[in-house]
Participant: 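Mind having a look at this structure? Questions to follow.
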Number of protein chains: 2
Amino acid sequence: MTARTSHETAREIPEATVARLPVYLRALSTLSEGGTTVCSSEDLAAAAGVNSAKLRKDLSYLGSYGTRGVGYDVDYLRYQIAREMGATRDWPVVIVGIGNLGHALANYSGFRSRGFRVVALLDADDRRHGEVVAGVVVRPFTDLRAIVHEHGVAIGVIATPAAAAQDVADTMVGAGITSILNFAPTVLNVGLGVAVSKVDLSKELQVLAYHEQRKATAEPA
Amino acid sequence: MTARTSHETAREIPEATVARLPVYLRALSTLSEGGTTVCSSEDLAAAAGVNSAKLRKDLSYLGSYGTRGVGYDVDYLRYQIAREMGATRDWPVVIVGIGNLGHALANYSGFRSRGFRVVALLDADDRRHGEVVAGVVVRPFTDLRAIVHEHGVAIGVIATPAAAAQDVADTMVGAGITSILNFAPTVLNVGLGVAVSKVDLSKELQVLAYHEQRKATAEPA
DNA sequence: GGGATTTTGTTCTCGCGTTCACAAACTTCT
DNA sequence: AGAAGTTTGTGAACGCGAGAACAAAATCCC
Ligand SMILES: NC(=O)c1ccc[n+]([C@@H]2O[C@H](COP(=O)([O-])OP(=O)(O)OC[C@H]3O[C@@H](n4cnc5c(N)ncnc54)[C@H](O)[C@@H]3O)[C@@H](O)[C@H]2O)c1
Ligand SMILES: NC(=O)c1ccc[n+]([C@@H]2O[C@H](COP(=O)([O-])OP(=O)(O)OC[C@H]3O[C@@H](n4cnc5c(N)ncnc54)[C@H](O)[C@@H]3O)[C@@H](O)[C@H]2O)c1
């Protein structure tokens, strides 16, 4: 292992590893709730659905938090991963587009329990304003800038129709948001410093359908 | 290019490519709706948000559907990709767990427009039975087997709490479903012939939060 | 204390995916 | 018709990630 000071936070964690860390976090929480205090890489890998060698390699990017011959302390490891992920602090989030999906997201308790606090629900449609969803009132989209500044919001969620998504993204970036989770099926063009993550639900179904079709045509009995 | 008969459907399309084909499909639809009849790989790549070389290589796995010096016929290419993906036929789908997310999914028009037909909404809670969502009535989960056999359902969507997901998956597989889209934050154990695709919305937010934190700690001004 | 056992952390190798770069093929212009 | 210009399809180089394999380190047992 290379020497590093306690101040150095800039170790390069591969993107593929970062994407798995939340899965490990969740598996550790499940183990902890089940009363497990110590687990081996084999146990945790099984719970997370990955190869144990891959798990150990992933964890090695964070540091050496295990004990050879023993395994990992579940709560200690969970804390270390959470700290590395920024899950120990609270992240204020705004959701734009309170339709079918926006309602579901606003009601989703899994965000709150992982450190995401929905500070505002925004919609362009007057008729939605004033409605209270999960304890938060729906406000005009034009309030975005004020809310972002007031709460220091860095993360925005887009659940509007595709046609509106780019405009919403532009306004978000203009207001100071630097990370966007986009549910609209559109490619967003944003500046360099802005991260966009896209979730495309029908894409997932289409990939499944592709494999179904292959199964059907490959072995026509 | 290797010689192949018109009956051969078993060309190996890399998984990474399969995951992008739906994106190309959507980009082609957008272009077509905008009146574009022919486009270059550069145009399409821009619309899909990928590198043009990658796009051309992806398309080359399907065949040679472009014309050098000209580009691709938008509708023709769209049809070819749709055919390869199995998007030219209708896929019956069941959704299990009609809570917040289940309602949003049932109401989502994007599934229908991409060839997915929601033939049943199932829930274990009596109080939900009989409710009509998007024209489909919510029925008891115990009806699953009959519905799968009646409609020849191959694809199931799980939108139940995590604690119930494994049981639901087992029942689905027992009823004959071979592809599962899972929204519950759990690792599902299924047999070899069954494909599982997992969508974890809070994972996406957590990855964004990680990058936010890195931005904040890397350049503390 | 010391050997056997367990399990981590890391090195090494392999395969896949991405991207560059270019020849082949088609169109357009003269 | 031939030259110039475009754009595809693909060979080749490169980099990253997955997984096997092993050495180092801790525990257990006698
Ligand atoms: N419903 C689902 O399960 C689902 C699944 C996958 C993807 N999506 C995608 O998510 C998005 C939303 O889907 P939905 O079903 O909730 O649609 P919806 O029509 O129910 O809701 C969209 C909401 O966005 C608001 N809106 C429109 N333009 C706006 C703007 N410029 N600024 C702010 N708000 C605006 C509308 O007033 C409406 O309330 C769509 O892009 C859809 O493709 C939805
Ligand atoms: N709501 C969201 O936006 C959101 C976002 C991400 C992930 N999720 C995940 O999606 C799942 C559903 O979320 P939700 O917010 O809709 O929850 P919810 O509690 O609103 O709905 C769950 C539904 O599943 C039904 N159910 C429970 N056990 C069942 C069983 N064994 N068989 C059939 N039906 C059963 C319940 O009756 C209920 O109607 C959860 O796992 C959640 O973590 C939800």
Side-chain angles (χ1 to χ4, degrees), chain A residues 1-4 11-24 27-28 31 36-78 80-81 84 187 207 210, chain B residues 1-4 11-24 27-28 31 36-78 80-81 84 187 207 210:
Chain A
M1 187 181 301
T2 62
R4 73 169 82 103
R11 285 157 276 163
E12 272 312 315
I13 299 184
E15 202 52 37
T17 296
V18 172
R20 282 188 294 269
L21 291 179
V23 181
Y24 301 155
L28 285 166
L31 287 174
T36 308
T37 58
V38 173
C39 71
S40 68
S41 63
E42 207 71 52
D43 298 336
L44 183 53
V50 300
N51 183 292
S52 69
K54 181 154 59 179
L55 168 70
R56 290 198 299 278
K57 177 171 270 197
D58 283 342
L59 296 184
S60 77
Y61 292 114
L62 311 188
S64 283
Y65 297 129
T67 309
R68 298 178 187 215
V70 179
Y72 301 92
D73 182 290
V74 171
D75 288 330
Y76 179 61
L77 180 59
R78 181 163 61 145
Q80 293 297 341
I81 297 179
E84 189 77 32
V187 177
V207 172
Y210 168 77
Chain B
M1 187 180 300
T2 62
R4 74 171 79 104
R11 284 157 277 164
E12 273 310 316
I13 300 184
E15 202 53 37
T17 297
V18 172
R20 282 187 292 268
L21 291 180
V23 181
Y24 302 155
L28 285 167
L31 287 174
T36 308
T37 59
V38 172
C39 70
S40 69
S41 63
E42 207 71 52
D43 299 336
L44 184 52
V50 301
N51 183 293
S52 69
K54 180 152 62 178
L55 168 71
R56 289 199 300 277
K57 175 149 282 195
D58 283 341
L59 295 185
S60 76
Y61 292 114
L62 310 188
S64 281
Y65 297 128
T67 308
R68 299 179 186 212
V70 180
Y72 302 91
D73 182 290
V74 171
D75 288 331
Y76 179 62
L77 181 59
R78 180 163 61 144
Q80 292 297 341
I81 298 179
E84 189 77 32
V187 177
V207 172
Y210 168 77

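Per chain, numbering begins at 1; letters A, B, ... match sequence-line order.
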Participant: Per the atom types in the model, does the base of C:dT10 pair as donor or acceptor with the side chain of A:Lys57 at under 3.5 Å?
Facilitator: no
Participant: Checking contacts here: which listed nucleotide (C:dG9, D:dA20, C:dC26) is nearest the side-chain heavy atoms of A:Ser64?
Facilitator: C:dG9
Participant: Where is the tightest heavy-atom contact between B:Val74 and B:Val38, given as atom of each residue plus distance?
Facilitator: CG2-N, 3.9 Å
Participant: Tell me whether the OP1 or OP2 atom of D:dT7 has a side-chain N or O from B:Ser41 closer than 4.0 Å.
Facilitator: no
Participant: Using the closest heavy atom to pick a nucleotide of DNA chain D for each, name whichever of A:Arg56 or B:Cys39 lands nearer the 5' end.
Facilitator: B:Cys39
Participant: Are side-chain heavy atoms of A:Leu21 and A:Leu62 found at a separation under 4.5 Å?
Facilitator: yes
Participant: Between atom CG of B:Leu28 and atom OH of B:Tyr72, what is the distance when rounded to the nearest 0.5 Å?
Facilitator: 10.5 Å
Participant: In whole angstrom, give the distance that lies between atom CG of B:Asn51 and atom C1' of C:dG17.
Facilitator: 12 Å
Participant: Can you tell me which nucleotide in C:dA23, C:dT8, C:dT27 comes closest to the side chain of B:Arg68?
Facilitator: C:dA23
Participant: Just the rounded figure in Å: distance from C1' of C:dT8 to OH of A:Tyr65.
Facilitator: 15 Å
Participant: Please report, rounded to the nearest Å, how far the P atom of D:dG17 is from the CZ atom of A:Arg20.
Facilitator: 9 Å
Participant: Could you check how far CD of A:Glu42 sits from P of D:dG19, rounded to whole Å?
Facilitator: 13 Å
Participant: What is the distance, rounded to the nearest whole Å, between atom CG of A:Leu55 and atom P of C:dT10?
Facilitator: 14 Å
Participant: Compare all side-chain heavy atoms of A:Glu84 with those of A:Ile81 and state whether any distance is below 4.5 angstrom.
Facilitator: no
Participant: Rounded to whole Å, please give me the gap between OH in A:Tyr72 and C1' in C:dT6.
Facilitator: 13 Å
Participant: Without decimals, in angstroms, what is the distance between B:Glu12 CD and C:dG15 P?
Facilitator: 16 Å
Participant: Please figure out whether A:Thr67 or B:Glu15 has its closest DNA chain C nucleotide nearer the 5' end.
Facilitator: A:Thr67
Participant: Tell me the interatomic distance from A:Lys54, atom NZ, to C:dC16, atom P, rounded to whole angstroms.
Facilitator: 14 Å
Participant: For B:Glu12 versus B:Tyr61, what's the shortest heavy-atom pair and its separation?
Facilitator: O-CD2, 4.2 Å
